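Some notes on the structure that comes next.
Here the structure is a predicted model, which is why all the values come from computation and not from measurement.
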Amino acid sequence: MTARDTLVVVPAYNESGAVGDVVRALLDAGLDCVVVDDGSKDNTAEVARSAGAHVVVLPLNLGVGGALRCGFRYAVDRGYTRVVQCDADGQHPPSEIVRLLEVQAQEEAHLVIGSRFLDGSSDYEIGRARRLMMRVLSGIIKRSSGLRLNDTTSGFRCIAEPLLGEFSLSYPVHYLGDTFEAALVAARSGYRVIETPIHIRKRQAGNASASTLAAIRFIVRAVIASLAGLTFEIRSLDEVTAE
Amino acid sequence: MKQELVIALGGVGLALLVLFIARKHLLTLRYTVGWVVLAVVLTLSALLAGFVEPLANAVGMTATGVLLALASGTLLLICIQLSISVSGLSSQLRELTEANALLAARVEELAIDKSSPEEFKG
């Protein structure tokens, strides 16, 4: 696989302050990218377009999951076989994207998750409550799929066919659906999911999309959904490869 | 007798309110019919209120309690049905929003291709 097979999907909501630099850095690194403007109230789309990105503008705010699925559909329609999810706030440097792609190719994985905690050297800090919740989520994934994950809520990932095609058809819109739930469902369905250490930067501009209180609420909802079998569904790898 | 009268008046009042809202085009025919049928059932149930007493005795409740439970149960079922409808509509809205955005992006690409024919020829 080459960089030409790969599309970087950048979901963006009110990120006009940082998205231009993010797009320029991606293009300088030789990566194709599409910015999915998730119903922004500022001029995110215009800034991204001026920087040279392809832009898809959602007329309504669908949430990160909705923006990502739209980006996946854009990629599949144009024949890309891999996508990388990349934040529009400048936290994910292109050098790490390239590394993520290399790991995906070497390991022939369907889903590669960039972990902020895997090598223990990351300076990324989270609060105690959030760390505890992430341990709970890791425990659930381990129990229900056998997959051992450190960073269950990382939004820095590479997704390859045939999982990409499945995600373009069915992908949850709610918070944590695109991270925790997607990894859980992919692992349960027999896709190869691996984790690799990454280093991220601090936000270049804008604010985080969810408060701690909202994050806890969403995490509780995700736990209930996974324990009660209410996660979204994709076809298993066996079903896909049998065609 | 007073209780039956209140129930019947409630049913008639509900029917009138629903028809008023429907005439203002705030309610579609589908939901109007459903609520009117419910109002008719409520009005007719006033005639059957006398038969609630034996049922109440059988389950160890008062007649009023049984009527309240039936009313609450009916409203609960309606809420669940409406939640299902809203969930379906949300999903359809999301599909439509994504399809619209992808179509707009495609149109934009085609417009750019048309305005630069040399590039289009490759």
Worksheet item: Listed by chain and number, what are the side-chain hydrogen bond (donor to acceptor under 3.5 Å, both in side chains) partners of B/E95, not counting sequence neighbours?
Response: A/R69, A/R73
Worksheet item: Who in residues 74-90 of chain B is close to chain A, using a strict under-4.5 Å heavy-atom cut-off?
Response: none
Practice prompt. Check each atom of A/L60 against the heavy atoms of chain B and say whether the ones under 4.5 Å are side chain, backbone, both or neither.
Written response: both
Item to complete: Determine, step by step, whether A/H54 and B/E109 satisfy the side-chain contact (heavy atoms from CB on, under 4.5 Å) criterion, reporting the C-alpha distance in whole Å, the side-chain angles of both residues, the deciding distance to 0.1 Å, and the verdict.
Response: CA-CA 9 Å; A/H54 296 288; B/E109 284 171 6; 4.2 Å; yes
Response to the item:
Distance col, row A/F72:CZ vs B/E98:CD, nearest 0.5 angstrom, shows 10.5 Å
Discussion item. Counting only heavy atoms from other residues, nucleotides and ligands, does the tally under 6.0 Å from CD of A/E233 exceed 12?
Written reply: no
Worksheet item: Closest approach of B/A101 and A/V57, non-hydrogen atoms and distance?
Response: CB-O, 3.2 Å
Item to complete: Give me the one residue out of B/N100, B/T97, B/L102 that meets side chain to side chain contact (heavy atoms under 4.5 Å, CB included) with A/L58.
Response: B/T97
Worksheet item: Which answer fits A/V173, side chain, backbone, both or neither, if we ask what part of it has an atom under 4.5 Å from a heavy atom of chain B?
Response: both
